[in-house]
Amino acid sequence: MRNIPVNPFESLVAPILAAFPELDADDLSFGTPPKLDMGDVAIPMFLAAKKLKSPPPKLAAEAAQKVEFGSEVTEAKPMGPYLNLRLNRGAIGRKIVAGVLEAGERFGSSGSGKGTKVVLEHTSINPNASPHVGRARNAMIGDSLARLFRFEDYDVEVHYYVNDMGRQIGLLVLIADELQNLTFDQILDAYVAANERAKEDEAFAQAGYELLAKMEQGDPETQKRFTAVTDLCLKGQLEVLTRLGGTYDVFDHESKYVKDARLDALVEKLKEKDAVFIDDDKRLVVDLSKIGHELEEGRYFVLLRGNGSSMYGFRDLAYTLDKQALGADINMMVLGEDHKLYAQQLGLILAAAGHPVPEPIYYSYILLKDGKMSTRQGKVVLLSDFLDEAATLAQERVAEQCTDLSKEEQQVIAEQVAVAAIRFSILRVTPNKNVIFDMEENMKFVGDTGPYIQYSCARINSMMRKIAGEVSDVPAEKFNTTSDAEWALLTKIAEFPNVVSGGLKQRTCAPIANYTLELSRLFSSFYNECPVLKAKTESLMMARLQICKATLQTLTNALDILGIEAPERM
RNA sequence: GCGCCCGUAGCUCAGCUGGAUAGAGCGCUUGCCUCCGGAGCAAGAGGCCACAGGUUCGAAUCCUGUCGGGCGCGCCA
């Protein structure tokens, strides 16, 4: 299918350039005035004024006089530094609707990612407990980013790094042996207990290290025991993450990267720069100050323990090289803010050894109203708990609203509402800000929420169900949509491609989430002010139905990027 | 102590590649279901955009400092 660039104001460019030959298209942009009574579209004159060395207000006045706009412009007047135009809204609106409906599910994508491969690693939760919403922020950000890049035709491969190594897993394995038939629900308690005990029980802690050493040496029996525990965890975690709509292409196990010939070469490169040494405890340590790290804090990076076993970072380097061997053009990973220094350190090492440096996407922690989450104090919101409770509440609403649907159908919808609530509340916040998560607020489904967006979609679907036949994708020549509510909605729809490209550039879906809110609000106003099925004329009804269809298409495309499904009824 | 991120309405957040009168939601006050789905709409109250300087014709947006919060800083992953 063809990508339709919807730039409804394109036809206004040529007349301006004709009047001012010194300018080119890049000097012009189109925006919405703060109030619609100031004009339908505003053209800021700052850039053009700079080029022509004339004050913006003077240029705006001059342009209003000089430019010969065609029939699409009914009035041009300068307002300060802006040239505000009043337009033939029907003609421009028709272009917008036609563009959206022709592009369909591709509307918003410019397809610029075609032929570009992306490897994106995200989630990678330690196998120790059911994920809470804080951990899940990684999964939601990562999954939506994958969807965003795929929407733009990038070839995206999602990787999940399974931390099936390390001392803590060793301890967990020991505890698991004692308890027998460990279940996923018991793992967190077991994990906490194991770490507590290791603090007091020297022999137990030592046994953990020994087990880890055997694991590294490749002892098959030990590997089996580790795998049994980590698989149990991963399976349980994935069950919850899948409920959220997350998908993963490849699972990489940390234990695969204990020994890697490429690391020897990497260490050699560091030696050439005099950046590695063996310390008094026989550890292999990188001195990052030799390869660009300026501060004393975080200067040293340990690769191998005194007994020769590898540290997490050492394995991670091997893993990174392995991912790079896949030949992706873009290598991204979603990391918590606590990994910032660590990722920088890895980056320095990779760069010093002549390897490319992956691109990190950072996010900050989710806080609760009364402070930080604490697994040990039980001050957490488990993702599965939120989804269960939210789905129960949604189910009650759906049962009232959709009495003719089966219980199973109602449950499917309720689950979609619950997922929308959590994904939207997390995704709409800028990733590098802390979010304060309020369980109750997020359970109300009112106001600036995912369910509100879904509700807009359900209303449109409801109208579509009531009419006989299909709504044509080709608007009639006569497209008499002139009200402010219609115009505001249409221009917002036309913004979508820019929102997508902005998100791609900034590597975040937050602007897309906020866009769906703005669009839904404008739709609700339109819906309230403009009768659709009861419009005064047949042609007006059709035009409005087409606006509704274009709105639904845009919302659907945006929600798809966010990983939120829009049920036809709710 | 040092480094990175953040500070916008009572609360939760938009807006930040500098541009018109700083926007939503929740909560509070008022209207609106004999009208396409009230998970909604319309209106009101509520802001020294943390504070202090600077750059600019113009700063919530850029720079510096202060204060407040989050995160990190050599055998955890």
Side-chain angles (χ1 to χ4, degrees), chain A residues 31 33-35 38 42 44-46 55-56 79-82 84 124 126-128 161 163 165-169 195 209 254 279 281-286 294-307 309 311-313 315-316 336-342 344-345 362 364-365 367 369 372 394 397-398 401 417 425 428-430 432-438 440-442 444-449 451-456 458-463 466-467 502 505-506 510-511 513-515 517-518 520-521 524-525 527-535 541 544-545 548 569-570:
Chain A
K35 288 272 186 325
M38 298 163 82
M45 287 307 197
F46 303 104
M79 289 185 85
Y82 296 88
N84 287 0
S124 306
N126 286 345
N128 60 23
Y161 191 46
N163 303 121
M165 285 283 294
R167 190 186 72 115
Q168 313 216 325
I169 305 297
N195 283 291
Y209 276 121
E254 189 182 348
D279 75 358
D281 297 322
K282 296 185 177 165
R283 293 177 294 175
L284 183 66
V285 182
V286 183
E294 287 173 1
L295 299 163
E296 191 57 30
E297 290 79 14
R299 174 176 167 186
Y300 298 107
F301 191 90
V302 179
L303 292 176
L304 297 174
R305 295 185 177 95
N307 68 4
S309 66
M311 291 279 288
Y312 175 78
R315 288 169 242 141
D316 208 7
E337 62 174 336
D338 52 331
H339 282 63
K340 272 188 187 175
L341 176 61
Y342 168 76
Q344 281 166 20
Q345 291 171 326
Y362 296 112
S364 294
Y365 284 15
L367 310 176
K369 270 194 141 173
K372 302 176 208 178
R397 293 297 299 276
V398 176
Q401 198 62 241
V417 171
S425 75
R428 83 185 191 100
V429 181
T430 309
N432 60 358
K433 277 186 164 182
N434 290 111
V435 207
I436 295 174
F437 187 83
D438 187 330
E440 283 176 36
E441 283 299 318
N442 281 298
K444 286 204 287 207
F445 312 148
V446 168
D448 288 355
T449 64
Y452 170 71
I453 319 289
Q454 291 176 315
Y455 184 66
S456 301
R459 279 172 144 181
I460 297 173
N461 276 309
S462 171
M463 283 188 284
K466 284 184 176 143
I467 56 158
K505 210 165 162 185
Q506 297 169 52
N514 285 295
Y515 171 81
L517 262 187
E518 291 166 18
S520 289
R521 264 190 235 115
S524 292
S525 296
Y527 182 84
N528 238 259
E529 285 173 39
C530 306
V532 177
L533 301 181
K534 294 178 179 172
M541 178 178 90
R544 285 182 175 164
L545 277 169
C548 288
R569 301 174 57 185
M570 62 187 282

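Here is how names work: the chains are called A, B, and so on, in the same order as the sequence lines, proteins then strands, and each is numbered from 1. Treat the numbers as computed from the prediction; the structure is a model and nothing was measured. These numbers come from the heavy atoms of this one structure, side chains and all, not from hydrogens, waters or symmetry mates.
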Exercise for review: May I ask you to verify if any side-chain N or O of Thr430(A) is less than 4.0 angstrom from the OP1 or OP2 atom of C13(B)?
Suggested key: no

Review point. Contact class for Gln401(A) (heavy atom, under 4.0 Å): base, sugar-phosphate, or nothing?
Key: base

Point to revise | Face-to-face contact Tyr342(A) to G72(B) six-ring, under 5.5 Å, under 30° | key: no

Practice item. Nearest whole angstrom, please: distance from the C1' of G40(B) to the CG of Asp448(A). Key: 13 Å

Check your understanding: Base, sugar-phosphate alone, or nothing: which one does Ser462(A) contact when heavy atoms must sit under 4.0 Å apart?
Key -> base

Practice item. Would you tell me if any nitrogen or oxygen in the side chain of Ser364(A) comes within less than 4.0 Å of OP1 or OP2 on C6(B)? Key: no

Check your understanding: Side-chain donor or acceptor of Glu297(A) under 3.5 Å from a matching atom on the base of G1(B)?
Key -> yes

Review point. Distance between the P atoms of G3(B) and A45(B), in whole angstroms?
Key: 46 Å

**Study point:** Per Tyr452(A) side chain, nearest of listed nucleotides C41(B), G19(B), A24(B)
**Key:** C41(B)

Review point. Atom CG of Asn528(A) and atom P of G40(B): how far apart are they, to the nearest Å?
Key: 12 Å

Revision key, fill the gap. Assign each of Arg569(A) and Arg315(A) the nucleotide of RNA chain B bearing its closest heavy atom; nearer the 5' end lies the nucleotide of Arg569(A)

**Study point:** Value in whole Å for how far the P atom of G69(B) lies from CD of Glu337(A)
**Key:** 15 Å

Check your understanding: Passes side-chain contact (heavy atoms from CB on, under 4.5 Å), Arg428(A) versus Asp448(A)? Steps please.
Key -> CA-CA 10 Å; Arg428(A) 83 185 191 100; Asp448(A) 288 355; 3.9 Å; yes

Check your understanding: Between Glu296(A) and Arg299(A), is there a salt bridge with N-O shorter than 4.0 Å?
Key -> yes

**Study point:** Any-strand Watson-Crick or G-U partner of G1(B), both distances under 3.5 Å
**Key:** C73(B)

Check your understanding: If every non-hydrogen atom of Gly166(A) is compared with every non-hydrogen atom of Arg315(A), which pair is closest and at what distance?
Key -> N-NH1, 4.3 Å

**Study point:** Shortest non-hydrogen separation from Asn84(A) to Met79(A) and the atoms involved
**Key:** ND2-SD, 3.1 Å

Study note, to complete from the structure: note: Lys466(A), atom NZ; C35(B), atom C1'; distance rounded to Å ~ 11 Å

Review point. Relative to the ring of Tyr342(A), is the ring of Tyr312(A) parallel (under 30°), tilted (30 to 60°) or perpendicular (over 60°)?
Key: tilted

Review point. Whole-Å distance between C4(B) C1' and Tyr362(A) OH?
Key: 9 Å

Exercise for review: Ignoring backbone atoms, test whether Tyr527(A) places a side-chain nitrogen or oxygen under 4.0 Å from the OP1 or OP2 oxygen of A42(B).
Suggested key: no

Review point. Does G74(B) have Phe301(A) stacked on its base, where the ring centres are within less than 5.5 Å and the planes differ by under 30°?
Key: no

**Study point:** Between G25(B) and C71(B) - C1' atom distance, rounded Å
**Key:** 29 Å

Exercise for review: Could you tell me which nucleotide pairs with G65(B) by Watson-Crick or G-U wobble geometry, both distances under 3.5 Å, or answer none if nothing does?
Suggested key: C51(B)

Exercise for review: Considering only atom P, compute the distance from A59(B) to G27(B) and round it to an integer number of Å.
Suggested key: 37 Å

Review point. Tyr365(A) ring centre to Lys372(A) NZ or CZ under 6.0 Å, with the angle to the axis within 45°?
Key: no

Revision key, fill the gap. note: Lys369(A), atom NZ; G27(B), atom P; distance rounded to Å ~ 11 Å

Exercise for review: Using a 4.0 Å heavy-atom cut-off across all strands, classify Met165(A) as base, sugar-phosphate, or nothing.
Suggested key: sugar-phosphate

Exercise for review: Tell me whether the OP1 or OP2 atom of C75(B) has a side-chain N or O from Lys282(A) closer than 4.0 Å.
Suggested key: no

Point to revise | Any Tyr312(A) side-chain nitrogen or oxygen under 4.0 Å from OP1 or OP2 of A77(B) | key: no

Review point. Touch check for Ala535(A), heavy atoms < 4.0 angstrom, all strands: base, sugar-phosphate only, or nothing?
Key: nothing

Exercise for review: Can you tell me, in whole Å, how much space there is between the P of U17(B) and that of G31(B)?
Suggested key: 43 Å

Review point. With a non-hydrogen cut-off below 4.0 angstrom, is Lys444(A) in contact with a base, only sugar-phosphate, or nothing?
Key: sugar-phosphate

Practice item. Please measure how far the C1' atom in G58(B) lies from the corresponding atom in C51(B), and state the result in whole Å. Key: 22 Å

**Study point:** Face-to-face stacking of Tyr300(A) with G74(B), centres under 5.5 angstrom, angle under 30°
**Key:** yes

Check your understanding: When the C1' atoms of A60(B) and C48(B) are considered, how many whole Å apart are they?
Key -> 12 Å

Exercise for review: Hunt down the Watson-Crick or G-U wobble partner of A14(B), both distances under 3.5 Å, from any strand shown, or write none.
Suggested key: none

Practice item. Quick one: label Val286(A) by what it contacts on the DNA or RNA (base, sugar-phosphate, nothing), any heavy atom closer than 4.0 Å. Key: nothing

Review point. Between Val435(A) and Tyr365(A), which is nearer to the 5' end of RNA chain B once each is assigned its nearest nucleotide?
Key: Val435(A)

**Study point:** G72(B) to G15(B) separation - C1' atoms, rounded to the nearest Å
**Key:** 30 Å

Point to revise | Derivation of the side-chain contact (heavy atoms from CB on, under 4.5 Å) call for Ile169(A) and Asn163(A) | key: CA-CA 9 Å; Ile169(A) 305 297; Asn163(A) 303 121; over 6 Å; no

Practice item. State which residues pass salt bridge (charged side-chain N to carboxylate O under 4.0 Å, His left out) with Asp338(A); sequence neighbours excluded, sorted by chain then number. Key: none

Check your understanding: What is the distance from CZ of Arg167(A) to C1' of C75(B), rounded to the nearest Å?
Key -> 10 Å

Exercise for review: State the pairing partner of C28(B); accept Watson-Crick or G-U wobble contacts with both distances under 3.5 Å, and report none otherwise.
Suggested key: G44(B)

Practice item. Would you indicate, yes or no, if A24(B) has its OP1 or OP2 atom less than 4.0 angstrom from a side-chain nitrogen or oxygen of Arg521(A)? Key: no

Check your understanding: Just to confirm, is there a sub-4.0 Å distance from OP1 or OP2 of G70(B) to any side-chain nitrogen or oxygen of Lys433(A)?
Key -> no

**Study point:** Interatomic distance where CD belongs to Gln345(A) and P belongs to A77(B) [whole Å]
**Key:** 15 Å

**Study point:** Lys372(A) vs G69(B): side-chain N/O to OP1/OP2 distance below 4.0 Å
**Key:** no

Exercise for review: For residues Pro531(A) and Arg544(A), determine if any side-chain heavy atom of one lies less than 4.5 Å from a side-chain heavy atom of the other.
Suggested key: yes

Exercise for review: Classify the side chain of Asn128(A) and the base of A77(B) as holding, or not holding, a donor-acceptor pair under 3.5 Å.
Suggested key: no

Exercise for review: Mind checking Asp438(A) for me? I need base, sugar-phosphate or nothing, with any heavy atom below 4.0 Å counting as a touch.
Suggested key: nothing

Point to revise | Sugar-phosphate, base or nothing in reach of Tyr161(A), heavy atoms under 4.0 Å | key: nothing

**Study point:** Arg299(A) vs C2(B): side-chain N/O to OP1/OP2 distance below 4.0 Å
**Key:** no

Exercise for review: Report yes if at least one side-chain N or O of Asn432(A) is closer than 4.0 Å to OP1 or OP2 of C6(B); otherwise report no.
Suggested key: yes

Review point. Listed by chain and number, what are the side chain to side chain donor-acceptor pair (under 3.5 Å) partners of Ser309(A), not counting sequence neighbours?
Key: Arg305(A), Asn307(A)

Revision key, fill the gap. Classified by glycosidic angle (syn within 90° of 0, else anti), C33(B) comes out syn

Point to revise | Distance, P atom - from G23(B) to G47(B), rounded to whole angstrom | key: 15 Å

